[in-house]
S.K.: 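Quick one: this structure, given as structure tokens, is what I'll be asking you about.
Hydrogens, waters and symmetry mates are skipped; everything else that's a heavy atom, side chains included, is used. Below, chains carry the letters A, B, ... as their sequence lines are ordered, and counting in each starts from 1.
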2 protein chains.
Amino acid sequence: MSRRRITIRDVAERADVSISTVSHAFSGGRPISSATKDRITRAAAELGYEPNPSARSLRTGRSGIVGLILRPRFALAGTSDRAETFNRLVGSVATEALRRKTGLIHVPDIDDPRAAKVPMDGCIVAHPYSGDRVLTEVLHRRIPVVTVEEDPQRPELPWAVRLDYPPVVTRLLDHLREQHASDVMLLTGTESNAWNVRTRESYRAWCEHNGVPVRIDELSEGLTHGEAAQLIGPLLAAPDRPDAIVVATSDFAALIAKLAATQGVRVPEELMIASLTDSEHSRTAEPAITAMDLNHESLAKEAVELMLARIDDAAEPEQPVVISPVLHLRASTQRPRH
Amino acid sequence: MSRRRITIRDVAERADVSISTVSHAFSGGRPISSATKDRITRAAAELGYEPNPSARSLRTGRSGIVGLILRPRFALAGTSDRAETFNRLVGSVATEALRRKTGLIHVPDIDDPRAAKVPMDGCIVAHPYSGDRVLTEVLHRRIPVVTVEEDPQRPELPWAVRLDYPPVVTRLLDHLREQHASDVMLLTGTESNAWNVRTRESYRAWCEHNGVPVRIDELSEGLTHGEAAQLIGPLLAAPDRPDAIVVATSDFAALIAKLAATQGVRVPEELMIASLTDSEHSRTAEPAITAMDLNHESLAKEAVELMLARIDDAAEPEQPVVISPVLHLRASTQRPRH
DNA sequence: ACAGTGAGTCAAAACGTTTTGACTGCCGTA
DNA sequence: TACGGCAGTCAAAACGTTTTGACTCACTGT
């Protein structure tokens, strides 16, 4: 029922020229008399001709499409904090790609043989794990890649945009100390991405520099709120409860605030809370929670720009692009004046 | 420097077979002796061979990629209410596509000649305008399309998933009346998508059915908050101020709540507010605002499913898939008992 | 002994472009 | 008059797959 696709051949026939002439008329590769060009344009319009992108990119070796791979697959993991991160990053990258008239494609799991293979000129890999398998695969296939946040095991890749954590983490910890916190605990995530690795390092360095003991515990990103509550409850009741907690994800931060309220621990008077990710949870918790915003919009914008430059054979940059996270100080760490 | 791409030819040569044999070994089109298959697999692995997706889809006529077009281009428009809608929808569609091992591509403006053309087996068009230009173009090119929300001028397209507004809008208006609203005003958007069109119809029908006067005003989605405030301020101060306002976008709803507070109009006692979209604005406004949630996650899931079925040559459905919006009743419309 | 069958392989023909070399007139210049 | 060059066009060769028809064996059943 549905007729054959219209090809350049149909257009050529209708305009009574050769197919190469049609091609030239569109791409401007060679001069074409305006009369002929008119006929071709008309024929193409009448037929509803659109060049076949696969044929074109097979021939030219370019698809005009940029791939996007998020590590971990935030959304599939499913907590709402992750969903917000995922959505914000994906949305920003999509917006930026669209603005640049580039197709953006979400790449199905690249080493799943059942997954569709997609043509892409390059690929953005966001938040790789340490020694990330998928990143390895992409590099192995010689696909031009730009990373958002570096793979901690491969910090040397110059085509990257990364976040500069130390100053911001230091600022946060200094702030807590100014607010008279004396025992700041870090509840870090368990995944091996740069966010966890670097913020932990920064915390350690700060402790050392200030001569205070390091107090780190891990809270897996995979935990349900119920499971996390089981772990956090005792901590809040313990005699050596810290007077400030910096927790990786904002939904767990909000959870801690809630548990504290339940257990009668006053925030921020007896316990300050801050998170290393910002989301609706931290913004709307009671009290609102101080948080570091990863600035996904800027990351996305720079990543797309870098990718396009790279595809366009720009020279390898000396340095990765560096973005600064944004610190939002909120009520959860502002002790009332006394 | 970077060597030629590895092709099926290289693999064939290395395994000392013909290229068709290699192809069959991978696709299983014909039986291949296990010895040969082994040699081929090994050769492919050693060479790091990956089939060229463009060549493959040129030949087969399938790319394994689904396109996504959002109308309007929410994110580019830029209000934060839109950004959330955009992000949520894009995120959900991406998640679902990934789960189904399909590539999902954001299609650059389809009638911009400068924009990259992309190979797609089908295309999801979300929230088309009335008589949408882009939808026309896609149909004209005979690309299989699934719409999220119908084009009001083309309600007959069966490959669609749509929202069932009337029951929910009716429920909302009934609720307002139960809360003793006697003068309910609708502040509708100006765009011609189904959301605006259908909710307006539902409101009209409800007014008629209940014998109350229709009171509709328009508030363009494009307005800045400053501009919107200029329009809303006088309305709240006017002697014939309604005692309930249903406003299309939730950010404007939150704005109204703020203006009401400034002008000393008590919510919900003197003025009830509800919105026809849910977002962080409505959830976290003071008081929290009753809102209709468009249930983007379900829309996305069904749309992807429908698209895949359509590509797979499933029979044309009798009816569009119908999703129900979710009504969140919140403080802004709950009058305290008296 | 022989047709029929199935496994295993190959060669060649698409798929729809872009690009290149070559051809034809024609104009301007030496 | 001869000649280089340019505008305008065409034919043919890629690009890297999948698919199909055909071929060769070996094996089966009669």
Side-chain angles (χ1 to χ4, degrees), chain A residues 3-41 43-44 47-65 113 116-121 141-143, chain B residues 3-41 43-44 47-65 113 116-121 141-143:
Chain A
R3 274 211 347 274
R4 223 182 74 264
R5 247 197 92 116
I6 307 293
T7 79
I8 200 174
R9 197 154 270 114
D10 303 310
V11 178
E13 199 167 319
R14 176 153 195 149
D16 200 33
V17 293
S18 75
I19 61 165
S20 42
T21 304
V22 175
S23 178
H24 288 136
F26 281 123
S27 66
R30 293 261 175 105
I32 299 287
S33 78
S34 62
T36 318
K37 193 178 281 184
D38 276 3
R39 248 180 314 135
I40 293 177
T41 323
L47 261 34
Y49 167 71
E50 268 311 304
N52 177 323
S54 297
R56 196 202 283 263
S57 56
L58 171 58
R59 177 59 229 227
T60 62
R62 279 217 183 317
S63 65
I65 299 177
K117 297 291 181 289
V118 303
M120 48 184 175
D121 296 341
R141 291 204 201 154
R142 301 157 156 276
I143 298 173
Chain B
R3 272 208 350 272
R4 223 180 75 263
R5 248 197 91 116
I6 308 294
T7 80
I8 200 175
R9 197 154 269 115
D10 303 311
V11 179
E13 200 166 319
R14 177 152 193 151
D16 202 31
V17 292
S18 76
I19 61 166
S20 41
T21 304
V22 176
S23 178
H24 288 136
F26 282 122
S27 67
R30 294 261 174 105
I32 299 287
S33 77
S34 63
T36 318
K37 195 179 277 184
D38 276 3
R39 248 180 314 135
I40 293 176
T41 322
L47 261 32
Y49 168 72
E50 269 310 305
N52 178 323
S54 297
R56 195 202 284 263
S57 56
L58 171 59
R59 178 58 231 228
T60 62
R62 280 216 182 318
S63 65
I65 300 177
K117 297 292 181 288
V118 302
M120 48 183 174
D121 295 341
R141 292 204 199 153
R142 302 156 155 276
I143 298 173

S.K.: Over its full length, what angle do the end axes of the helix from C:dA1-D:dT30 to C:dA30-D:dT1 make, each axis taken from five pairs and the result rounded to 10 degrees?
M.R.: 50°

S.K.: Determine yes or no for a side-chain-to-main-chain donor-acceptor pair under 3.5 angstrom, with B:Asp38 supplying the side chain and B:Ala35 the backbone.
M.R.: no

S.K.: Give me the residues of residues 50-58 of chain A where at least one heavy atom lies under 4.0 Å from an atom of DNA chain D, by number, or none.
M.R.: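 Residues of residues 50-58 of chain A under 4.0 Å from DNA chain D: A:Leu58.
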
S.K.: Please list residues of residues 7-16 of chain A whose heavy atoms come under 4.0 Å from any atom in DNA chain D, ordered by number; otherwise none.
M.R.: none

S.K.: Measuring from atom CZ of A:Arg9 to atom OG of A:Ser18, what distance do you get when rounded to the nearest 0.5 angstrom?
M.R.: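 Here the interatomic distance stands at 10.5 Å.
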
S.K.: To check you understand the geometry: which heavy-atom pair defines the closest contact between B:Ile32 and B:Thr21, and what is its length?
M.R.: CD1-CG2, 3.7 Å

S.K.: Less than 3.5 Å apart, which donor and acceptor atoms pair up between the side chains of residues 48-56 of chain B and the rest of the protein, not counting sequence neighbours?
M.R.:
from	atom 1	to	atom 2	distance (Å)
B:Asn52	OD1	B:Ser54	N	2.7
B:Asn52	OD1	B:Ala55	N	3.1
B:Ser54	OG	A:Ser57	OG	2.9

S.K.: Rounded to the nearest 0.5 Å, what separates atom CZ in A:Arg141 from atom CZ in B:Arg5?
M.R.: 9.0 Å

S.K.: Which heavy-atom pair separates B:Asp121 from B:Gly64 by the least distance, and what is that distance?
M.R.: OD2-N, 2.7 Å

S.K.: Please write out the pairs of protein N or O atoms and N or O atoms of nucleotides 22-28 of chain C separated by less than 3.5 Å, giving the distance to one decimal.
M.R.:
from	atom 1	to	atom 2	distance (Å)
C:dA22	N6	A:Arg30	NH1	3.0

S.K.: Specify the closest pair of heavy atoms between B:Val22 and B:Val11, including all atoms of both residues, with the distance to one decimal.
M.R.: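 Scanning both residues, the minimum pair turns out to be CG1-CG1, 4.1 Å.
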
S.K.: Under 4.0 Å between any heavy atoms, over every strand shown, what does B:Ser23 touch: base, sugar-phosphate, or nothing? Just pick one.
M.R.: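 Counting heavy atoms under 4.0 Å across all strands, the contact made by B:Ser23 includes a base.
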
S.K.: How far does CG of A:Leu47 sit from CD1 of A:Ile6, to the nearest 0.5 angstrom?
M.R.: 4.5 Å

S.K.: Would you give the length of the straight line joining atom CG of B:Leu58 to atom CG of A:Leu58, rounded to the nearest 0.5 angstrom?
M.R.: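 Rounded to the nearest 0.5 Å, the CG-CG separation comes out at 6.0 Å.
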
S.K.: Quick check: do B:Val118 and B:Ser63 have side-chain heavy atoms less than 4.5 Å from each other?
M.R.: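 Not in contact.
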
S.K.: Tell me what A:Tyr49 touches on the nucleic acid: a base, only sugar-phosphate, or nothing, going by heavy atoms under 4.0 Å.
M.R.: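 Since only primed, P, OP1 and OP2 atoms lie under 4.0 Å of A:Tyr49, the category is sugar-phosphate.
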
S.K.: Considering every strand and a 4.0 Å limit on heavy-atom distances, what is the contact class for B:Ser20: base, sugar-phosphate, or nothing?
M.R.: base

S.K.: So where does chain B start and stop touching DNA chain D, 5' to 3', when the test is distance under 4.0 Å to a non-hydrogen atom?
M.R.: D:dG16 to D:dA22

S.K.: Tell me the closest heavy-atom pair linking B:Ile65 and A:Pro119, and the distance in Å.
M.R.: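 That would be CD1-CD, 3.7 Å.
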
S.K.: Could you tell me the separation between the CZ atom of A:Arg39 and the OG1 atom of A:Thr41, rounded to the nearest 0.5 Å?
M.R.: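 Between atom CZ of A:Arg39 and atom OG1 of A:Thr41 there are 10.5 Å.
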
S.K.: Quick check: closest heavy atoms across B:Ala25 and B:Ile40, and the distance to 0.1 Å?
M.R.: CB-CD1, 3.8 Å

S.K.: How do B:Arg59 and B:Ser18 order along DNA chain C: which one's closest nucleotide is nearer the 5' end?
M.R.: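 With B:Arg59 and B:Ser18 compared, the 5'-side residue is B:Ser18.
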
